[in-house]
Structure formats: C-alpha cells, structure tokens
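First the proteins, then the strands, lettered A, B, ... as listed; each starts at 1.
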Amino acid sequence: MVDIRLIRENPELVRKALENRQMGQELLEEILQLDAQRREALQIVEQKKAERNSISSEIARAKASKDNSRAQSLMDRAKEISSEVKELDVRTSQIEEELRQKMLYLPNIPSEKTPVGRSESDNIVVRTWGEPGKPAFEVKPHWDFGPETGLIDFERAAKLSGARFVILRKDLARLERAIMNFMLDLHHSKGYEEVALPFMVKRETMLATGQLPKFEEEAYRIEPDDMFMIPTAEVPLVAQHGEEIIDGELPRKYTAYSACFRREAGSYGKDVRGMIRVHQFDKVELVWFTHPDFSYDALEQLTADAEDVLRKLKLPYRVVALCTGDIGFASAKTYDLEVWLPSYNTYREISSCSNVEDFQARRANIRFRDIDNKLKFVHCLNGSGLAVGRTLVAIIENYQREDGRIDVPEVLVPYMGQEVIG
RNA sequence: GGAGAGAUGGCCGAGUGGUCGAAGGCGUACGCCUGGAGAGCGUAUGACGAGCAAAACUCGUCCGUGGGUUCAAAUCCCACUCUCUCCGCCA
C-alpha cells in the first residue's frame, strides 16, 4: 500500500511512477478524487458527532442536577442529530471502503535506484560470476536427461496431476533434498532464523503481502474455506508479523523452505518442456524486516547471501537489476539472479531479491518503535535463496559429464554421501 | 464435530450504561541521586484519522470483528472470528 498522504501531497511522484511502470493513470485519478470526497465527508460527519457528544455530556449534567425537563429537551435534540450522524456515517464509510479497494490495486512506487525502462530488455546486468563451461560434448537438456535416466518422470506426474508437474526419483529426489538442506544450513549459519510455516493461508494473508486482490487468477484457491496455497514462503514469512509492533533489534532475518504453488495462468506457451516452469516447486526463501534507513544496504546483503549459494555450488550466474517496467507489483527495487543453463544457452532466473520498502508493512500493519519513540513501518525484503527445482536443473546441466552422469557439487557431497549420480 | 472459558494500551491487568481513552503494575524516556552503574525517588508516556503552514493545539474514531438497543456502550443484546481447557475422531 502506498501512503495516501504521499499520494495527496505529491501526486506527480505517483504519476511518474505509474508512467515508469508502463501503467495508466486512471487508478490514481480515481484515488485522488475519492480521497478528496472522503475528507469532505469526514469533516461534515465529525462536526455533527462533536455536537452530539457535547449535548450528551450536557444531558449527563442535567440529569445529575435533577433538571429533568432540560434533560428531556436535550434528549429530543440529540435524537435528531444522532439519526443525521447515522446517515452521514454510512455515506462516509462507503467512500472509505471504495478508496481502500482502489488503494489495494495501486502498485508500489519504484525506488530512484531502479533503472527506468519499458520492459525486460531494459534490465541492467550488474555483475557476472563464473564462466559458462564449454564442454566438448553436447550437454543433454534436463528434459532429456531426466526421462532417459528414469530420474525425472514427467509422464506419471501428468497422470496424477496434469501438465507442469514433476516426479523426481532416486538420486535426484535425494539431490533435491540435499540442496534444500544445504541452503537452509548455509543461511542459518549467517544468522537467519529458520522457520517452518503453513503452506495454506487465509485470503487476508495474501492481501497483506500484495498477491491479492490483483493476482487472484495466479493463485490456487481452496474453495470451501476460501484459503490459498502459497505461491512463495514470502507470504507467510512476512505476514507472520502482521498487526504487530516488532520488538527487539532490527533487522530480523528469516529463512524458510516451502513448496510453492502457481497456476501460471497466461504463460501457456512458455517453457513447456522440462521442469523450469511447474505448478508446484520447492524454494528456500529469505526475508528481512529492517529499519527504513537501512533497507537498501539490506537488499545488497540479502542478494549477496542468495548469490553465495550459487558461488558455493560453483554455478555461473549474473545479477540483473530489473527496470521500472519489469519489477513486481509490490517491489521498489529488484535484483534477479540468473543462472547459466546450457539447454537454453542463456541465463535463466533462479532468484528474485526485492526491497518492497514499507509497501507490505502498510498492508499488514507491521511497525517498530524507533529511537525517537515513534511507531514507524518497517521495510520488508524478500528473496529466493534459491528456487530449488531450478537449482537442480542447473546442476544437471552444468555438472554433466561426457558419460551422461552428473558430478555432485562438492558442497553437496556430505549431504548425498556420494560423488556421482545418474 | 460436541461442551465450557476467555479476547481491554508495547506487555500484564482492573473496570457491568454518562468527565473512561480507560485504575494499578511492568516496560520505555527524561530528571534527581552516584566516581560510574544499579537500586531508590520524581515526572512523562496509547494508536489511527481530519483540520492547520506547522503543532506541544482542536475535533473525531478505536477496549477481538461486524451489526443492534440508547440522547449516550469497554460496559446491555445478536452474529461471527480467534485463543485456551475437556470430550470425540485422526496423521
């Protein structure tokens, strides 16, 4: 949620933000109009209420001094005002609700640090790490490797659940578990508090983090209970502190494993082969709650922590700063980590690290007490550290040997108890 | 699923119709005391919204949520949500 006062006092800033996001201005205009209406209605109703209140206390005084006729005439007057107040209240809260609904659809204002651009092609490569290998043989894409070795079973997954699901078997199932444990252990060693969370959440939880109301068609909904399967652990990880005043030191750093569920509506043609884009995948997530003054330092640190996973796995990657036209709804600034995938002969997203500033904290009402003793909204950051399925793919393709088997990355050997699979 | 108990400020906890936004305590901030710290003493300390150039100012709202009764609701009535205890079922 964007601060309504900021919108009111600095609409040009919001106008520019929407423009940079390649979005229309209509929503902003509606919000400005509703805000003006709301304040006008508020002033009228509050004045009436003040009148009612003062008569009410006069009644109390009249009754105390046994002046019953005076009390009665005041009560008649108060009754009139009260019914006026009731009407005005209804009108005011209608406007307020309408405004609130519109506000929920307004995206975050991109940071000044976010490069301005129209689309993906305007993103900026910030740095590159490692060299894509140049094997003398042809690397098998994971969608061939998997079925041929029997370690990935797309057919039976489709039998169970339809397209875009995957079954991992034997060493690959174990490798995935090893990857998760390795990531969680690494983050834990850096001071992240590990959390195990619900994968199903209430509607209001999805609202708090910004997945709803705008992106409902992207989420799996559990009809009878109006709950949602989480699209990322970010949702419960952030919302756990909803309606709280965080006590103790900031930043708070959390890491959690979760399965993630996405309908992938509107991406029918994309990545139909393999397990790059599936409806259910595993991910290890990182979330920070920080003081507003330090959230951009925190973004660098969080990104570095996610990068460290790739470095320790010795997977070549690059860091991309997303432009204003490409960052997510809630984000003010985002770095994507992209890992080298031989099957695509390019880098593909494996992590997305964002500073959403106070956007989620406003929705979820997450505050802290600053040194000046004032309550302020925290800044929230989230990033994948990393998407486990895509890490698995990256290992299959980057660690492939000429004999078609896969070397286990050194850091995972202790978790696997073996050095080669396949 | 059945039965009961509860939900009040950052926290604990009093308060059953009219100066209650709410006693008391803890915590926090400042001051005194001290070589320094602690203890002790004193003072202050809810949130949100609107008005104003701004406010230490004024007004409004808020005692789980939503309705209702009343001139007036933390307090009375109804519904719901959540938490806890017990019973049943279950991984």
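Under the Watson-Crick or G-U wobble criterion, with both distances below 3.5 Å, B/G1 is paired with B/C87. The partner of B/G42 is B/C30, judged by Watson-Crick or G-U wobble contacts that both fall below 3.5 Å.
Sparse packing is recorded around CD of A/Glu410, with 12 or fewer heavy atoms of other residues, nucleotides or ligands lying under 6.0 Å away. A/Lys314 NZ: 12 or fewer foreign heavy atoms inside a 6.0 Å radius.
For B/C48, one of the phosphate oxygens OP1 or OP2 lies less than 4.0 angstrom from a side-chain nitrogen or oxygen of A/Arg367. OP1 and OP2 of B/G18 both lie 4.0 Å or more from every side-chain N or O belonging to A/Arg61. Contact between the side-chain N/O atoms of A/Arg38 and the OP1/OP2 oxygens of B/G49 is not found at any separation under 4.0 Å. Applying the 4.0 Å criterion to OP1 and OP2 of B/G60, one finds that A/Asn53 has a side-chain N or O inside that range.
For A/Arg369, whose side chain is taken as the heavy atoms from C-beta onward, the closest listed nucleotide among B/G49, B/G18, B/G10 is B/G10. Of the candidates B/G60, B/G18, B/A50, the closest approach to any side-chain atom of A/Ala50 belongs to B/G60. Counting only heavy atoms from C-beta on, A/Gln43 has its side chain closest to B/G51 among B/A47, B/G51, B/U28.
The aromatic ring centres of A/Trp340 and A/Tyr399 sit 6.0 Å or more apart. Between A/Phe228 and A/Phe261, a ring centre-to-centre spacing not shorter than 6.0 Å is recorded.
Toward the 5' end of RNA chain B, the nearer of the two residues A/Ile245 and A/Glu9, judged by each one's closest nucleotide, is A/Ile245.
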**Message:** A/Lys374 vs A/Arg369, test: side chain to side chain contact (heavy atoms under 4.5 Å, CB included). Steps then yes/no.
**Reply:** CA-CA 6 Å; A/Lys374 290 248 189 299; A/Arg369 201 171 287 280; over 6 Å; no
Would you tabulate the nitrogen or oxygen pairs shorter than 3.5 Å linking the protein to nucleotides 63-71 of chain B?
residue	atom	partner	partner atom	Å
B/C71	O3'	A/Ser82	OG	3.2

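Checked against A/His241 for a ring pair (Phe, Tyr, Trp, His ring centres under 6.0 Å), the options A/Phe377, A/Phe289, A/Phe368 give a single hit: A/Phe289.
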